[in-house]
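Worksheet: one structure, shown below.
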Amino acid sequence: ELKVEQNPLFLSMQEGKNYTIYCNYSTTSDRLYWYRQDPGKSLESLFVLLSNGAVKQEGRLMASLDTKARLSTLHITAAVHDLSATYFCAVVRGTYKYIFGTGTRLKVLA
Amino acid sequence: NAGVTQTPKFQVLKTGQSMTLQCAQDMNHEYMSWYRQDPGMGLRLIHYSVGAGITDQGEVPNGYNVSRSTTEDFPLRLLSAAPSQTSVYFCASSFGQASYNEQFFGPGTRLTVL
């Protein structure tokens, strides 16, 4: 059974600080996705990582994928309040079945 | 483009009632899916479709039916609602049949079953 674990589940950090969210998954997958969800809202796609060693960056967020370690990281650089949200990673079982992590709730304090 | 739309936004049902959650997309996406989101559990895949006339089960399909008669629409039917189906339901779509593309999510339907 494919399991996707994120840690930490909750993260409170000061503005201007750096931090990393980890996403571990239990079986082989060469595709990983990161999404952002604001409270009471829908999900917004952040990154699609399609191969081992893939790295993508958008603003203060950078995501990477290590398929051998079954690990993806979402690194936050110099956090700002607008980054407060819940972040989900997801992998694919087979071709079409997306399995989501439980999410990391990030709160950036001024 | 309207993107992915869902109706209704909110719904309250009594146990045993049936209803259909509507999902439509205007991006000509082949892949569409339904998820439920419960507190502390992330999203779980209910059913998905890779094109008109083709559907398959996800992680938690029991109690739900789907059909896909057109590319645009992917309704989710609750046959006999139960309190355990109280959740927020999201529909999503993506371009192409393979899972190499990002999914676009609808705004969600908040369902309460009494």
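Residue numbers begin at 1 in each chain, while the letters A, B, ... track the order of the sequences.
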Measure distances from [X] to the heavy atoms of chain A and classify the residue's part below 4.5 Å as side chain, backbone, both or neither.
{"X": "B:Q37", "result": "side chain"}
{"X": "B:Y35", "result": "side chain"}
{"X": "B:Q103", "result": "both"}

Tell me if a side-chain donor or acceptor on [X] pairs with a main-chain N or O of [Y] at a distance below 3.5 Å.
{"X": "A:S64", "Y": "A:V55", "answer": "no"}
{"X": "A:S26", "Y": "A:E1", "answer": "yes"}
{"X": "B:Q85", "Y": "B:L78", "answer": "no"}

Given that the side chain runs from C-beta out, which part of [X] has a heavy atom under 4.5 Å from chain B: side chain, backbone, both or neither?
{"X": "A:K97", "value": "both"}
{"X": "A:Y35", "value": "side chain"}
{"X": "A:E44", "value": "neither"}

Is the ring centre of A:Y98 less than 6.0 Å from the ring centre of B:Y31? yes
Side chain to side chain, B:Q6 and B:W34, heavy atoms closer than 4.5 Å: yes
